[in-house]
Amino acid sequence: MSRADQTLAEELAAQAAAGRSRRRRTVEARAAGGVRVTVAGRECLAFCSNDYLGLADHPRVVAAFCEAARRWGVGSGASHLVSGHDAEHHALEEELARFVARPRALLFSTGYMANLAVASVLAGRGDHVLEDRLNHASLLDAGLACGARFSSYAHGDVAALRSKLAAIGAAARTLVLTDGVFSMDGDIAPLQEIAAACRELPATLLVDDAHGFGVLGATGAGAVEEAGLGLDAVPVLMCTLGKAVGTFGAFVAGSPMLIESLLQRARTYIYTTALPPAVAAATRESLRVMRDEPWRRGRVLEHAARFRAGLAELGLRPLPSRTPIQPLLIGAEAAAVVASHALFEQGFWVPAIRPPTVPVGTSRLRFTFSASHTEAEVEQLLAALRTLRDSGVIQPTAAA
């Protein structure tokens, strides 16, 4: 074994000893909008997908993908700035911009790459980046990688943000990054207050609305729409397409100057192969379904509310959230793994979320709901949790 492999083996052993080893489970089949799956030979109900509206296998979306694949093939062949920018990409960017009421939008292959792009273009050495401490890893990495002076503030603490902005002063260029909906807690950022602080002090605000887009707001445009914030309040909006939209990719929406700057200077855009045009076509159809079937947003939020009410009846209390993300705090890492395994044995797939994804001592079960779930399936899940509570696998006091 090489010296490098020996070091890696020791690090992996230490990770395993700490109870933090990760493993993949292979999904062998999906049915019923992706909520019924076969995993490791077991048929189960999945409460862990981010396909909140159940659009990943919607017949119209699948048909659009297949038709576009026959026309365009299954790959784009190059980056957008070489020869990979097809008519489907161009049309999708225009439709996304209209959907979120911004002048322009720019497609990215992933939200991770989109966040890295924005931070690298809007901040650098000598500038400042301020972030919510519970931001997604892509936002944290973007803030650290851009070379600016990085600082975080306590989760949702606008007073702390204001204090840091005041200390920096108006002369410096400052970028504030926040999730719209926090992926591990499911709560919504105080966007109106954050936007007001950024206007007054001042700073440029980026909202990563990966988990709000498609679910929240009057039209499904997300947490920013729900907060009533336009371009002036939120100059940079990033949303992903692999969650509620049910396809793949991401986009940044904002002013023509912002989008042109990203197109010209963002390395994660310039040097990446474009999304397959068939994915763009499927996404365009998914946006149409979202407009045509608004009941999907209502249903998934109703499921989340019913689940919360059911947990209260069981004496279990999740973290505060009214989104499809409903985490149940367990505490110890080993206890969260045991609870996840016990649910799997009853036919429910709900992975345990452990450090370093969440802080030490806050391991949890992260339940996510889809419009494809039925009321009966939500009740079945609650019945399974009742069994775990009664058998002592989940402790009401630990969960509260």
Side-chain angles (χ1 to χ4, degrees), residues 27 30-37 39 43-58 61 136 179-188 209-217 220 222-223 226 239-247 286 289-290 293-314 316-330 336 339-340 343-344 346-353 358 364-386 388 394 399:
V27 178
R30 300 181 194 270
V35 300
R36 291 193 173 273
V37 298
V39 183
E43 292 185 7
C44 57
L45 273 169
F47 286 91
C48 52
S49 170
N50 296 327
D51 182 20
Y52 301 127
L53 301 183
L55 296 179
D57 68 346
H58 192 287
V61 177
H136 187 267
D179 279 314
V181 174
F182 291 89
S183 60
M184 290 300 113
D185 286 38
D187 58 331
I188 302 171
D209 206 18
H211 293 274
F213 182 63
V215 176
L216 301 177
E226 184 176 80
C239 302
T240 56
L241 304 171
K243 298 177 177 65
V245 181
T247 58
S286 185
V289 175
M290 287 165 61
E293 301 179 3
W295 57 264
R296 291 178 177 272
R297 298 197 304 275
R299 175 178 288 178
V300 69
L301 294 175
E302 287 169 4
H303 287 336
R306 175 66 195 102
F307 179 72
R308 290 182 64 79
L311 288 182
E313 294 169 7
L314 294 175
L316 305 174
R317 187 159 49 114
L319 296 176
S321 168
R322 58 180 176 83
T323 70
I325 301 168
Q326 295 292 323
L328 180 61
L329 189 64
I330 302 297
S340 173
L343 280 174
F344 190 70
Q346 293 194 56
F348 300 91
W349 189 14
V350 185
I353 306 297
V358 295
R364 66 200 61 185
L365 298 176
R366 178 182 180 269
F367 301 87
T368 55
F369 293 87
S370 168
S372 294
H373 287 122
T374 66
E375 291 182 9
E377 289 166 346
V378 176
E379 294 298 332
Q380 290 168 27
L381 174 62
L382 288 167
L385 288 170
R386 180 185 296 275
L388 267 60
I394 295 178

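We're numbering straight along the sequence, starting at 1. Computed from a predicted model, the values in this text were never measured in an experiment.
Here the shortest heavy-atom pairing between S340 and V350 reads OG-O, 2.8 Å. Contact record, I394 with A339: CG1-CB, 4.1 Å, taken as the closest heavy-atom pair. S286 and L55 make their closest contact through OG-CD1, 3.2 Å (heavy atoms, listed as atom of the first residue, atom of the second, distance). Closest approach of C44 and G347 over heavy atoms only: CB-O, 3.0 Å. For the residue pair A384 and L343, the shortest heavy atom distance occurs at CB-CD2, 4.0 Å. For P324 against Y52, the heavy-atom pair with the smallest separation is CB-CD2, 3.6 Å.
Using a distance-only test at 3.5 Å, with no hydrogens or angles considered, no donor-acceptor pair links the side chain of H373 to the main chain of H303. In this structure a side-chain-to-backbone donor-acceptor pair under 3.5 Å is missing from T368 to N50. In terms of modelled atom types and a separation under 3.5 Å, the side chain of D179 and the main chain of H136 share a donor-acceptor contact. Listed for the R364 side chain is a donor-acceptor partner under 3.5 Å among the backbone atoms of M184. Of the possible donor and acceptor atoms, none in the side chain of S321 sits under 3.5 Å from a partner among the backbone N and O of Q326. Side-chain atoms of R306 do not come within 3.5 Å of backbone N or O of E379 as any donor-acceptor pair. Without hydrogens or angle criteria, S372 side chain to V35 main chain gives no donor-acceptor distance under 3.5 Å. Proximity of a side-chain donor or acceptor of R296 to a complementary backbone N or O of A371 within less than 3.5 Å is not detected. Within the 3.5 Å criterion, the main-chain N or O of S183 finds a donor-acceptor partner in the side chain of R366. The backbone N or O of A223 lies less than 3.5 Å from a partner atom in the side chain of D209, making a donor-acceptor pair.
Residue R30 qualifies as open at atom CZ: its count of foreign heavy atoms under 6.0 Å is 12 or below.
Using a 4.0 Å cut-off between charged nitrogen and carboxylate oxygen, R36 and E377 count as a salt-bridge pair. A salt bridge does not link R297 with E226: none of the charged nitrogens is closer than 4.0 Å to a carboxylate oxygen.
Distance check: T247 OG1 to L241 CG gives 5.0 Å after rounding to the nearest 0.5 Å. Atom CZ of R386 is separated from atom CG of L316 by 9.5 Å, given to the nearest 0.5 angstrom. In this structure, CZ on R308 lies 12.5 Å from CG on L382, to the nearest 0.5 angstrom. With rounding to the nearest 0.5 angstrom, the CG atom of L319 is 5.5 Å from the CG atom of L329.
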Quiz item: How far apart are the C-alpha atoms of V39 and F344, what are their side-chain angles, what is the distance that settles it, and do they pass the side-chain contact (heavy atoms from CB on, under 4.5 Å) test?
Solution: CA-CA 10 Å; V39 183; F344 190 70; 4.3 Å; yes
Quiz prompt | F182/I325 under side-chain contact (heavy atoms from CB on, under 4.5 Å): CA gap, chis, key distance, verdict | solution = CA-CA 9 Å; F182 291 89; I325 301 168; over 6 Å; no
Self-check item: Trace of the side-chain contact (heavy atoms from CB on, under 4.5 Å) decision for L53 with H58
Solution: CA-CA 10 Å; L53 301 183; H58 192 287; over 6 Å; no
Practice problem: Could you go through the side-chain contact (heavy atoms from CB on, under 4.5 Å) check for L385 and L311 one step at a time? | Solution: CA-CA 8 Å; L385 288 170; L311 288 182; 3.7 Å; yes
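Counting heavy atoms from C-beta outward, I353 and P327 have side chains that stay 4.5 Å or more apart. Between T323 and V215, every side-chain heavy-atom pair lies at or beyond the 4.5 Å cut-off.
F307 meets the ring pair (Phe, Tyr, Trp, His ring centres under 6.0 Å) test with F367, F369; sequence neighbours excluded.
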